[in-house]
Amino acid sequence: MSGYEARFRVWRGDEQGGGLRDFTVEVNEGEVVLDIVHRLQATQAPDLAVRWNCKAGKCGSCSAEINGRPRLMCMTRMSVFDRAETVTITPLRAFPVIRDLVTDVSFNYEKARGIPAFVPPAELAPGEYRMFQEDVDRSQEFRKCIECFLCQDTCHVVRDHEENKRAFAGPRFLMRVAELDMHPLDAAERSGLDRKRTAQEEHGLGYCNITKCCTEVCPEGIRITDNALIPLKERAVDRKYDPLVWLGSKIRRRPS
Amino acid sequence: MRAPGRAAITVAHLRTDRWWLAPAGTAAGLLAFVVYSTWRAFANADYYASPYVSPFYSPCLAHNCQSMRGGPNADLFGSWWGISPAIIILVFPLGFRLTCYYYRKAYYRGFWASPPACAVAEPHRKYSGETRFPLILQNLHRYFFYAALLVAGVLTYDTALTFRDAHHAWGHMGLGTLVFLANIALIWAYTLSCHSCRHIVGGHLKHFSRHPVRYRAWRLVGRLNARHMQLAWASLLGVALADLYVFLLASGVFDDPRFF
């Protein structure tokens, strides 16, 4: 496959305003969208702002929207587009823009601070933790998260309703709650911290209407909805809406 | 989407693919089933052709039910129930599917456009999700799951009855038997692949290593659960086809081909 000239529309501007600008850029075999953005910087728009780091889909820095879909620029091959197609690149639309393709994602860090950390079991010293693989499989899936925040960007709860940002932590951080609630050694409950209650009352679990966009855009292929959000909703049901489970917990012979 | 500080982009989306196809197809499919099942549920006719009883009318719990020898009849509601007896029982599978996590995604996207597709702006000014009445009732899914297990049990009994002939003698089989076997297999697969089932059998545990049997059950249901969407559609189609088959037999369109 030989190189060709491709048409791009790239959003340029800042919080004061901006718009889509047209460019024609050379594309070569095997390149990804981030390569094209770098060539654009090198040849036509040296002041184009873009956040990137690893170019390997592991740092989560180069999140953007390509043809309207939240994606990592470094993991989007140019070969998926038709050569005659105009490729549109915009910043993440759920967060405030700083400049060009760079957004202010501090909302996510504020939400991260709101999730209480792992509570170590009192009877075990560091180095004495022993866990079976089947007990940590679920949490390990969630630990694959690279914090690109594409799930946060695509979630309509905050994307389409800025006012919900106060009450809703978003899929990434509800997944964090699920990860800790499923962690075999997390002693939160013994210390009086009910993660299921906080998921519902402090992090807005009820806002999620499980339309699975977070799962669709996750570059790590984490089944966020099926393995984190729905199980967390079911755990909230255990706690609040199911008297049979409540009764079972009172006569349970073995710890879960 | 147009909150202060965000990139100044006025259009609702910049997607170039046919994002509308999936929600439109979903809405059309669900609408077709709703129209068909509403007609059949209220028809109160042509739902029994010995030995087959339509899954829409089973169990039949009112005095006005057609007599089904050895079938799922029980006159629990007496003669005061004047309308179609299907309504009594359909509440449970309907509630199970309405509150199902897959169908919620399907109709929130297909009918309510909340959102219509990923990264496509929804048309609503306010959004409170499932935090308030009536959508907080989605949390009742687990109870409908328990009821759906009972209904699936009755439909299994109905399927066993299809090994009779039209005169109620055992040891026979017709094309309808195969239709009912396919239907009940899909009903069970859909019911057991439910997210609530996955949670109940083991998902709520913190230590799988202490509960090896439940862990195996959880993994098995998890494998089914990964196909929940496909099973939801297949079982919806299966139950409609089983009902249609009984309707065609009962209304005399054709006779059931008998194998033995």
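Every chain is numbered from 1 and lettered A, B, ... according to where its sequence line falls, protein lines coming before strand lines. Since we're looking at a predicted model, the values are computed, not measured.
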Taking atom CD as the centre, does B:Gln230 end up with more than 12 heavy-atom neighbours from other residues, nucleotides or ligands that are less than 6.0 angstrom away?
yes
Looking at B:Ser128, B:Gly203, B:Gly5, B:Gly129, which one has more heavy-atom pairs under 4.5 Å with chain A than the rest?
B:Gly5
Counting only non-hydrogen atoms closer than 4.5 Å, can you tell me which residues of residues 105-115 of chain B sit against chain A?
B:Lys105, B:Tyr108, B:Arg109, B:Ser114, B:Pro115
Indicate, with yes or no, if the rings of B:Phe96 and B:His141 have centres closer together than 6.0 Å.
yes
Between B:Ser209, B:Ala117, B:Pro4, B:Ala226, the one whose heavy-atom pairs under 4.5 Å with chain A are most numerous
B:Ser209
Taking every heavy-atom pair that is under 4.5 Å apart, which of B:Arg219, B:Arg125, B:Arg198, B:His199 has the most such pairs with chain A?
B:His199
Does B:His228 reach the side chain of B:Cys100, with side-chain heavy atoms less than 4.5 Å apart?
yes
Checking heavy atoms, do the side chain of A:Glu85, its backbone, both or neither come under 4.5 Å from chain B?
side chain
Taken in chain and number order and not counting sequence neighbours, the residues that satisfy salt bridge (charged side-chain N to carboxylate O under 4.0 Å, His left out) with B:Asp17 are A:Arg69, B:Arg15
Please look at A:Cys208 and chain B and tell me whether the side chain, the backbone, both or neither of the residue comes under 4.5 angstrom of a heavy atom of that chain.
backbone
Side-chain heavy-atom pair A:Met175, A:Ile222 within 4.5 angstrom cut-off:
yes
Okay, A:Phe132 and chain B: the region with an atom under 4.5 Å from a heavy atom over there is side chain
Side-chain donor/acceptor pairs under 3.5 Å, residues 232-240 of chain B, sequence neighbours excluded:
| unit_1 | atom_1 | unit_2 | atom_2 | d |
| --- | --- | --- | --- | --- |
| B:Trp233 | NE1 | B:Tyr102 | OH | 2.7 |
| B:Ser235 | OG | B:Arg97 | NH1 | 3.2 |
| B:Ser235 | OG | B:Arg97 | NH2 | 2.9 |
| B:Ser235 | OG | B:Leu231 | O | 2.8 |
| B:Ser235 | OG | B:Ala232 | O | 3.2 |

Could you work out, with side chain to side chain contact (heavy atoms under 4.5 Å, CB included) as the rule, every residue matching A:Cys148, not counting sequence neighbours?
A:Ser63, A:Leu72, A:Ile146, A:Leu150, A:Pro219
A:Asp181 (side chain) donor-acceptor with A:Arg195 (main chain) under 3.5 angstrom:
no
